[in-house]
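In what follows, a single structure is set out as structure tokens and then discussed.
Treat the numbers as computed from the prediction; the structure is a model and nothing was measured. To find a chain, count down the sequence lines: A is the first, B the second, and so on, and within it residues start at 1.
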Number of protein chains: 2
Amino acid sequence: MASSSHCLSSAAHRSIRRTCVNCALSELCVPVGLDQQDMERLDQLVDRQQPLPANAHLCRVGERFSSLYAVRSGCFKSYRMDREGRERVLAFHLPGELMGLDAIYPGVYQSNIIALDVGGVCALPYNDLSHLAAQIPRLQEQIFRLLSKDLSAYAWLAGDHSAEERVAGFLLDLSNRYRERGYSDRAFNLAMPRRDIANYLRLATETVSRVITRFEREGLIRTERREVQLLDLDGLNQRANYCLQVSG
Amino acid sequence: MASSSHCLSSAAHRSIRRTCVNCALSELCVPVGLDQQDMERLDQLVDRQQPLPANAHLCRVGERFSSLYAVRSGCFKSYRMDREGRERVLAFHLPGELMGLDAIYPGVYQSNIIALDVGGVCALPYNDLSHLAAQIPRLQEQIFRLLSKDLSAYAWLAGDHSAEERVAGFLLDLSNRYRERGYSDRAFNLAMPRRDIANYLRLATETVSRVITRFEREGLIRTERREVQLLDLDGLNQRANYCLQVSG
DNA sequence: CGGTGAAATTGACCTGGGTCAAGGGGGCGC
DNA sequence: GCGCCCCCTTGACCCAGGTCAATTTCACCG
């Protein structure tokens with residue numbers, strides 16, 4: 001560990017301070033729709049943490065809940081262990097997304113959250129945040145909306161979809177989320193190994209691999225290890241069999 | 001349909017007005033922990049609706065979101081249809097629970113909600129509620145917590161559990177929720193047919209029936225049509241294989 | 001009190017996807 | 001550059017749970 005005073009002083013010397021105001025993700029993250037003045041109030045409570053190396057844990061099940069975390073860069077995975085010690089992936093988190101929302105109710109983290117590659121987060125101390133939310137209606141509203149959005153995501157995951165529907169739905173979900181972030185929705189690379197995708201979709205790794213191969217043979221997608229191209233979005237949508245698309 | 005003016009006048013003649021203050025469910029519902037003064041402010045925005053007959057819809061997918069609904073009596077079911085027109089049950093709602101939370105994000109109801117038997121609800125106009133929440137920190141906090149709690153419920157449903165784990169988990173979940181409401185956690189009756197239970201658990205009706213029969217043979221439970229007795233809670237917990245119990 | 005229809009159970013059989021096992025690569029440290 | 005290890009893919013087989021069909025039970029109703 002480097003001495004903290006050294007870290008602090010080097011951070012202080014940077015000419016451009018990282019703030020919500022100049023953060024490219026502010027339109028996705030908590031401060032959506034806030035004016036500059038409110039953003040500055042939010043800024044003051046945000047704790048911009050040191051980048052985490054790949055496979056480092058941000059928090060673990062059972063730890064006292066203190067902060068929500070916003071992804072600044074990289075990709076994170078939240079998961080639990082079942083009684084037999086098997087991992088259960090609950091979600092992947094892209095930049096601009098808020099993690100730890102399920103810990104609010106019990107006051108204790110309900111998931112382990114781990115960085116899939118090197119990644120940065122902003123910690124939002126929950127007490128301060130909810131206090132501020134009471135003063136800034138748009139902030140309160142945004143937190144309600146983010147919680148509600150997660151409900152819909154879980155509702156999809158909880159549906160009884162076939163393996164094809166799951167894999168197609170997963171790819172389309174990522175595609176949508178990358179588009180929202182200004183990246184290509186047709187070509188992106190998967191931050192996570194097949195094993196994690198399979199676990200998240202409640203399938204075996206082999207099944208995911210087989211479905212991907214099938215989609216490739218049928219010209220729906222093209223893959224090269226973690227690189228994915230979606231060649232036929234309509235075709236994938238057919239396979240995903242969504243019953244309801246949530247409008248932006 | 002009876003004329004509404006007649007209904008209104010008969011309601012007005014009641015000597016004891018229904019309010020949150022005298023509602024037995026106030027410790028479960030939104031006003032948990034509010035003082036009398038705040039409860040009265042909440043009272044003013046609550047719209048206590050006429051009881052719904054069995055199988056009547058409270059709201060439907062795609063309708064503009066305006067209110068959250070709190071269950072006052074009876075049992076409700078929320079569900080969607082998939083593209084092939086098959087029903088997908090998402091949740092059952094007992095008295096004191098809040099429905100419609102997943103509609104906040106998109107501003108449009110995401111589920112159909114139907115009364116399983118005759119049931120009453122309070123409508124909470126969302127705009128008024130969130131406005132009030134900004135003024136009453138404990139109310140805001142409670143809404144955050146209720147949303148967060150639903151996340152955990154969906155996370156369980158989304159796990160890949162065996163049929164036995166699902167049925168055991170379902171019975172224990174109901175048991176806990178009945179206990180919280182002051183009813184017996186050992187003997188209760190199911191408001192919903194097996195078909196709905198099976199659909200909710202993403203199983204076939206026949207599978208639910210078989211698992212229930214097995215649990216009965218093994219002395220874990222006793223059933224008589226919709227009546228259920230849980231004879232061995234520990235045994236059921238074994239079968240449910242929870243990885244994490246959410247504390248109160 | 002018998003008739004009717006939905007709900008529940010039970011049995012026989014089938015299949016989607018899990019499990020087990022055996023290769024291929026590709027990245028990375030030495 | 002070489003070897004090691006992990007990731008991914010593919011094939012063969014199996015089983016939990018779905019599907020189909022028959023039967024029983026009960027609530028309701030004339």
Checklist entry - Any idea how A/Tyr178 and A/Tyr183 line up, ring-wise: parallel (<30°), tilted (30 to 60°), or perpendicular (>60°)? => result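 Rings of A/Tyr178 and A/Tyr183: perpendicular, as their planes differ by over 60°.
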Checklist entry - Taking 5' to 3' order, which nucleotide of DNA chain C is first and which is last to have an atom within less than 4.0 Å of a heavy atom in chain B? => result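 Going 5' to 3' along DNA chain C, contacts run C/dA7 to C/dA12.
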Item to check | Rounded distance in Å - CZ (A/Arg195) to P (D/dC5) | outcome: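 My rounded result for the distance is 17 Å.
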Checklist entry - For A/Phe215 and D/dT9, what is the distance between atoms CZ and P respectively, to the nearest whole Å? => result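 For the pair A/Phe215 CZ and D/dT9 P, the rounded distance is 13 Å.
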Checklist entry - What string of B, S and - do you get for nucleotides 11-27 of chain D 5' to 3' if you count protein non-hydrogen atoms under 4.0 Å? => result BB----SSBBB----S-
Non-neighbouring partners of [X] that pass salt bridge (charged side-chain N to carboxylate O under 4.0 Å, His left out), sequence neighbours left out:
X: A/Asp160; value: B/Arg88
X: A/Arg86; value: A/Asp82, A/Glu84
X: B/Arg225; value: none
X: B/Arg210; value: none

Applying side chain to side chain donor-acceptor pair (under 3.5 Å), name anything that partners [X], two or more places apart in sequence or on another chain.
X: A/Arg72; answer: none
X: A/Asp150; answer: none
X: B/Thr223; answer: B/Glu216
X: A/Gln229; answer: none

Checklist entry - Checking all strands, does A/Arg166 fall into the base, sugar-phosphate, or nothing category for heavy-atom contacts under 4.0 angstrom? => result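 Answer is nothing: A/Arg166 stays at 4.0 Å or more from every strand.
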Item to check | Pairwise side chain to side chain donor-acceptor pair (under 3.5 Å) hits with a residue in residues 59-69 of chain B, at least two apart | outcome: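 Non-adjacent pairs meeting side chain to side chain donor-acceptor pair (under 3.5 Å): B/His57-B/Arg60.
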Checklist entry - To the nearest 10 degrees, what angle separates the axes at the start and end of the helix from C/dC1-D/dG30 to C/dC30-D/dG1, five pairs each? => result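 Between the axes fitted at each end of the helix from C/dC1-D/dG30 to C/dC30-D/dG1 lies an angle of 40°.
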